[in-house]
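Note that the structure is a prediction, hence the values are computed from the model and not measured. Start at 1 with the first residue, then count along the sequence.
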Amino acid sequence: MVSSQDLTLEEKAQLLSGKDFWTTKNIDRVDVPSIMLTDGPHGLRKQAGSSDNLGINESVPATCFPPAVALGSAFDPDLAERVGQALGVEAAIEDVSVLLGPGVNIKRSPLCGRNFEYFSEDPYHAGTVAAGLVQGIQSQNVGACLKHFAANNQEEDRMRVSADVDDRPLREIYFRAFERVVKEAEPWTVMCSYNKINGTYASEHSWLLTDVLREAWGFDGMVVSDWGAVHDRVAGVKAGMDLEMPSSDGITDAQVLDAVHAGRLEATLVDRSAQRVLNLIERSGRRVKPSGPLDVEAHHRIAREAATRSAVLLKNDGQTLPLKDGQSIALIGEFARTPRFQGGGSSHINPTRVDTALDTFCEKVGEQVDFAPGFTFDGKGSEALRTEAVELARTKDVAVVFLGLPDAAESEGFDRTTLDIPADQLELLNEVVAANPRTVVVVSNGGVVALPFADSVPAIVEGWLLGQAGGSALVDILTGEAAPSGRLGETIPYRLEDTPAFGNFPGEFGHVRYGEGIHVGYRWYDKRNFEVAFPFGHGLAYTNFEYGSPTVSVNDHDDVEIRVRVTNTGQRSGREVVQVYVGPENSAVDRAPRELKAFVSVEIAAGESRDVALTIDRANLAYWDIRVDRFVVEGGTYRVEVGASSRDIRGEATVELNGDEVRLPLTAQSSLAEILAHPTAGPKMREHLISFLGSTADGDASGEQDMESLIGSLPVGRLVSFGVPKEQVKQLISLAQQ
Ligand code: BGC
């Protein structure tokens with residue numbers, strides 16, 4: 001294996017930036033080949049011709065699997081792993097060494113234009129599903145690229161904005177999914193984000209890329225820049241940003257060399273990054289190119305299965321769904337004929353084929369279905385289109401209306417400004433419902449949309465962007481050939497004004513303040529007791545599940561084990577996503593009422609029961625303690641809630657946990673209460689205080705308590721101001737420090 005020691009300084013510097021848009025430089029003298037890194041998270045975007053990072057130019061045909069917004073909703077890391085394997089196979093066939101995904105940024109605001117590429121508003125959920133995907137991709141000896149590290153939660157001003165985030169939300173919300181994937185799945189590469197974090201560009205953030213990512217989490221792969229994220233290359237090398245992409249035409253290579261020659265950059269740091277690039281090239285050299293062409297049909301089937309698992313049945317009054325045999329159907333909405341199944345930008349791929357709901361309905365139920373587009377995507381729909389659709393609805397047993405956001409409404413590169421779907425679609429729906437109350441709505445959208453019609457229609461399917469097989473998958477669900485089993489990875493709020501980042505998104509003058517702190521997503525709505533349209537974790541099946549009482553215990557590793565019996569009490573087999581939420585009864589810090597800490601998707605046949613076992617590793621219950629700069633598990637009672645969504649808790653239990661020890665150095669600035677709470681200094685201090693302050697020397701416990709609450713907040717050093725002689729205060733301080 002070639003090591004950086006075999007290279008000249010010039011050659012090492014060359015390795016630190018791309019050869020062109022998608023490949024690294026080859027160094028022929030020592031037989032180092034060039035390798036390709038390319039998008040993307042839910043399908044391969046290998047551009048054979050002109051290159052761009054905005055999904056503009058055509059790429060080779062590839063299977064478009066469900067984007068993260070959908071795959072996340074399946075709440076199933078095993079399914080994600082299978083999709084990952086298929087992605088890995090497609091990348092390997094095309095000789096791609098690193099697939100640029102998945103993205104695990106948290107959905108901070110529903111307006112982020114790129115939410116379709118992200119899994120969740122919850123870091124445990126996002127990290128768990130993404131870890132499965134990474135394991136699948138890498139099982140084929142293709143590297144994954146975990147992105148965009150970090151705090152890249154909006155598109156507005158994304159290449160400059162500073163995400164101003166406090167330590168707790170950064171650690172507990174925005175880093176945690178990255179941390180989980182790094183530790184569990186060991187991605188070969190991590191992509192730094194475009195934005196700044198607390199004033200420093202991610203691409204030159206030494207604390208982020210070295211202290212946290214490598215030293216604290218143990219990442220040993222290569223860091224690549226987002227495309228064009230480099231601001232100061234020399235600072236980037238110092239920080240541990242190994243490979244700049246795309247090519248800088250040699251400009252930054254020369255800057256690196258100059259900096260070494262001028263003594264501004266240590267040559268060992270160039271070695272370090274060059275070695276990481278070499279390691280990646282060596283690793284990808286072990287890949288055996290799969291024989292034969294892509295099995296388009298087999299991968300399409302995986303895409304279809306994943307899509308059926310990802311759609312979420314939000315509402316189903318009166319068992320409107322599945323559609324009944326022989327029912328005549330008015331299929332309405334342009335999306336049924338021209339599905340929206342992926343988002344715009346760098347993840348936009350060229351699918352091997354596209355299923356439409358219209359074609360699939362026609363294949364399955366033939367003459368029972370008639371179609372009317374009802375509107376056009378550009379909003380220039382005519383009165384005639386609407387009338388035709390309404391009249392069709394009037395004559396059929398059931399209307400199935402496909403609504404959604406057109407391509408132009410959301411994409412990488414910009415954020416939405418509203419949660420609304422286009423007004424002409426809502427007007428059409430109103431008229432359809434008036435003509436036929438038995439109306440099912442299917443929505444296609446990458447970020448959540450408001451559903452103002454939720455009370456006026458009996459059934460709603462959240463169809464996200466489901467990939468190339470979304471059209472057929474939705475029909476599988478509507479007709480009952482497949483059972484719906486997706487759950488929301490994102491709360492559907494009533495109003496934009498209710499959302500956590502409202503007023504703090506997308507920021508101003510180059511800064512976005514994460515003012516909601518740790519209360520992101522359902523944490524926010526629960527903390528504030530806000531009503532929501534559909535809560536995080538919600539999703540229905542065509543059957544019902546009953547939960548037994550959960551039992552909760554702490555095992556030898558101090559992890560929490562939960563067992564619960566779940567019974568399918570309906571007539572059809574189905575999948576339940578059993579979710580476990582935890583919250584401490586008392587906490588020294590602000591906490592969310594409940595946080596998702598475990599989940600599992602289980603298939604249960606009609607009438608059967610399954611004993612479900614879940615484990616929460618202790619570390620997952622910690623909060624970030626800013627006093628000691630580390631995660632701390634508090635001792636005490638924790639409420640463990642088991643349920644079918646964050647607001648459909650079916651059983652609960654409590655568990656006692658021992659706390660991690662937190663020793664704070666006691667100083668003159670320590671308050672009397674802090675010193676009194678200290679296990680060894682406390683009792684001594686109490687004794688001395690009583691003798692100094694005298695008043696409760698008679699041992700009256702309630703008097704002591706009063707005294708403590710009265711003066712507890714006093715820093716011990718300040719006792720001087722209250723007449724305690726300096727010498728005695730010094731004595732107290734040294735006592736506290738013993
Ligand atoms: C995106 C990345 C993508 C890269 C390469 C950038 O614009 O932010 O997610 O991988 O382009 O296409």
key: Working for salt bridge (Lys or Arg N to Asp or Glu O under 4.0 Å), residues E641 and R594   = CA-CA 8 Å; E641 301 172 323; R594 64 183 54 77; 2.6 Å; yes
key: From CA spacing to verdict: side-chain contact (heavy atoms from CB on, under 4.5 Å), E652, S549   = CA-CA 7 Å; E652 67 174 73; S549 301; over 6 Å; no
request  = Could you please spell out the steps behind the ring-ring contact (aromatic ring centres under 6.0 Å, His included) verdict for F119 and H125?
outcome  = CA-CA 8 Å; F119 295 95; H125 172 220; 7.5 Å; no
inquiry  = Would Y514 and E516 count as a side-chain hydrogen bond (donor to acceptor under 3.5 Å, both in side chains) here? Give the steps.
reply    = CA-CA 6 Å; Y514 285 34; E516 68 285 3; over 6 Å; no
task = Go through the steps to decide whether E687 and K684 satisfy the test salt bridge (Lys or Arg N to Asp or Glu O under 4.0 Å), and finish with yes or no.
result = CA-CA 5 Å; E687 217 173 279; K684 289 191 221 155; over 6 Å; no
task = Please report the C-alpha distance between E561 and N555 in whole Å, then the side-chain angles of each, then the deciding distance to 0.1 Å, and finally whether the side-chain hydrogen bond (donor to acceptor under 3.5 Å, both in side chains) criterion is met.
result = CA-CA 7 Å; E561 292 186 347; N555 69 16; 3.0 Å; yes
message = Between W464 and S73, does the side-chain hydrogen bond (donor to acceptor under 3.5 Å, both in side chains) criterion hold? Intermediate values first, please.
response = CA-CA 9 Å; W464 303 126; S73 300; 2.9 Å; yes
task = Report the C-alpha separation of R528 and D498 in whole Å, then their side-chain angles, then the decisive distance to 0.1 Å, and conclude whether the salt bridge (Lys or Arg N to Asp or Glu O under 4.0 Å) test is met.
result = CA-CA 10 Å; R528 285 177 169 61; D498 296 343; over 6 Å; no
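More than 12 heavy atoms of other residues, nucleotides or ligands lie within 6.0 Å of CD in E656, so this atom counts as buried by the packing criterion. Enclosure of atom CD1 in I626 is not indicated, since only 12 or fewer non-hydrogen atoms of other residues, nucleotides or ligands lie within 6.0 angstrom. Atom CZ of R513 has more than 12 heavy atoms from other residues, nucleotides or ligands within 6.0 Å. Annotation for K183: atom NZ counts as buried by contact number, over 12 foreign heavy atoms lying within 6.0 Å.
Shortest non-hydrogen contact noted between A306 and L79 is CA-CD2, 4.1 Å. When every heavy atom of Y638 is checked against every heavy atom of R591, the shortest pair comes out as CE2-NH2, 4.4 Å. Across all their heavy atoms, V190 and F149 have their closest contact at CG1-CB, 3.8 Å.
Checking side-chain atoms of T569 against main-chain N and O of N544 turns up a donor-acceptor pair under 3.5 Å. Not a single donor-acceptor pair under 3.5 Å links the side chain of E546 to the backbone N or O of V566. Listed for the R168 side chain is a donor-acceptor partner under 3.5 Å among the backbone atoms of D590. The closest donor-acceptor contact from the side chain of S734 to the backbone of Q731 lies under 3.5 Å. Between the H148 side chain and the G103 main chain, no donor and acceptor come within less than 3.5 Å of each other. Put simply, the side chain of E117 never gets that close to the backbone of P67: no donor and acceptor are under 3.5 Å apart. Judged by distance alone, the side chain of N195 and the main-chain N or O of A150 form a donor-acceptor pair under 3.5 Å. Although no hydrogens or angles enter the test, the distance criterion places no donor-acceptor pair under 3.5 Å between the side chain of E608 and the main chain of T567.
Taking 4.0 Å as the cut-off between side-chain N and carboxylate O, D220 and R214 do not count as a salt-bridged pair. Using a 4.0 Å cut-off between a side-chain N of Lys or Arg and a carboxylate O of Asp or Glu, D122 and R523 qualify as a salt bridge. Classification of E661 and R663 as a salt-bridged pair holds, one side-chain N sitting under 4.0 Å from a carboxylate O. Ion pair R618/D556 not flagged as a salt bridge, since none of the NZ, NE, NH1 or NH2 atoms sits closer than 4.0 Å to an Asp/Glu carboxylate oxygen. Under 4.0 Å is where a charged nitrogen must lie from a carboxylate oxygen, and between D76 and R309 at least one such pair does. Taking 4.0 Å as the cut-off between side-chain N and carboxylate O, D625 and R627 count as a salt-bridged pair.
Checked options E462, H538, E576; the residue passing with R487 is E576 (criterion: side chain to side chain donor-acceptor pair (under 3.5 Å)).
The closest side-chain heavy-atom distance from F631 to R176 is below 4.5 Å. Considering only heavy atoms from C-beta on, V560 comes within 4.5 Å of I562 through its side chain. Between Y118 and V69 there is no side-chain heavy-atom pair separated by less than 4.5 Å. The side-chain heavy atoms of D164 and V512, taken from C-beta on, include no pair separated by under 4.5 Å.
Ring geometry for W207 against F175 counts as tilted: the plane angle lies between 30° and 60°, on a 0 to 90° scale.
Counting only N and O atoms by type, the side chains of S193 and D226 include no donor and acceptor under 3.5 Å apart.
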